[in-house]
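What follows is a set of notes on a single structure, which appears directly below.
Start at 1 and go down the list; that is how both ligands and their atoms are numbered.
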Amino acid sequence: MTTRITELLGIKYPVFQGGMAWIAESTLAAAVSNAGGVGLIAGGSAPIDYLRDQIRRCKELTDKPFGVNIMLMSPNAEDLAQLVIDEKVPVITTGAGNPGKFMEGWNNAGVKVIPVVPSVALAKRMERSGAAAVIAEGTESGGHIGENTTMCLVPQVVDAVEIPVIAAGGIADGRGIAASFMLGAEGVQIGTRFLAAEECQIHPTYKQLVVDAKDTDSIVTGRYTGHPCRNVKTKFSKRLASGEANGSITPDEFEQITLGSLRKAVQDGNLEEGSFLCGAIAGMVKKIQPAGEMIEEMFAEAEKLLGR
Ligand code: TUI
């Protein structure tokens, strides 16, 4: 399945694994890269030494291209921005902000920069700043989300920029990939399905929550803090949502309660205090299997649907 994305990066399948904060580490990233996609290591909030170690591990596990996602709200984003240059990471994706101030340095270092954009305006700015491609991410995604849907955002971004567009948000099988191509995307980013990959190192409780989730089991919390996040519906996320709706939890209290909640979900499987981020497509993820098998299955289906 050749597109400008496969050609730009020298990969077999135009699929990026989401750079999921606290989740995306070298084992999963290398598995996705070895299967012909682009694996991502999450840079968000990770200490520099940990991230350097993860990058080096990934290089040992794969000789294929992989990337690092830089979560721009992270307090150490500046250090991470330099680390990826020093470690000669071939691909960077960014999220949760405008990476404008880093673009020149990354471009001069020859890194391929592919920002996540929630709007046409940011996509155009990123193209002007030298982005190699953009990831147009719809509100169906897990974690920190924008407002527009994948179906509405992707074709508008495709019309607005010349660089290739990667679709994200609500894609977990060959039909989603084929639909993304119909919208004009030349690649996809997939997060939630890879939560159920054998190589994904999250707590078994987290994996099982995703596999057991049905169509109505994702919920958005934190809109009033300015950082809306999509999670698995649990007692904890429902309590946050109702506190937000009825005013019994203030935005400041919300920030306090959720501080460290991602780590509690990913490492401890803590259902009382953990935020189990997932996309709205979680209901379709039914099987724990190797990442490479997921990719082969999805692209076989997409190619059939697209008549290739
Ligand atoms: O970044 C994500 N997903 C994430 S980050 C994360 S960790 C986190 N922790 C606490 C609060 C918030 C997040 C969990 N999930 N996805 C990519 C993404 N980027 N979604 C939305 C955006 C985005 C939003 C605004 C990108 C750019 C942007 O620009 C605003 C501007 O300044 O123009």
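In this structure, Ser33 contributes its side chain and Val38 its backbone to no donor-acceptor pair below 3.5 Å.
In the vicinity of Leu277, heavy-atom distances shorter than 4.0 Å reach the ligand 1 atoms 14 (C). Residue Val116 has at least one heavy-atom neighbour below 4.0 Å for each of these atoms of ligand 1: 17 (C), 18 (C), 19 (N), 26 (C). Listed by number with element, the atoms of ligand 1 under 4.0 angstrom from any heavy atom of Met71 are 5 (S), 7 (S), 8 (C).
The shortest N or O to N or O distance between Glu137 and ligand 1 is under 3.5 Å. The shortest N/O to N/O separation between Ala96 and ligand 1 falls below 3.5 Å.
Looking at atom 30 (C) of ligand 1, its nearest protein heavy atom turns out to be Gly97 CA, 4.4 Å. For atom 32 (O) of ligand 1, the closest heavy atom belonging to the protein is Asn98 CB, 3.8 Å. Of the protein's non-hydrogen atoms, the one nearest atom 10 (C) of ligand 1 is Met73 CE, 4.3 Å. When only non-hydrogen protein atoms are considered, atom 2 (C) of ligand 1 lies nearest to His144 O, 3.7 Å.
Rounded to the nearest 0.5 angstrom, Phe102 CZ and Leu72 CG are separated by 6.5 Å.
Shortest non-hydrogen contact noted between Glu140 and Asn148 is OE1-O, 4.5 Å.
With sequence neighbours left out, Val113 forms a side chain to side chain contact (heavy atoms under 4.5 Å, CB included) with Met103, Trp106, Asn107, Pro115.
Under the 4.5 Å side-chain heavy-atom criterion for ILVMFWY residues, no single connected hydrophobic cluster contains both Val32 and Leu51. Clustering ILVMFWY residues whenever any of their side-chain heavy atoms sit less than 4.5 angstrom apart, transitively, puts Ile85 in the very cluster that holds Ile41.
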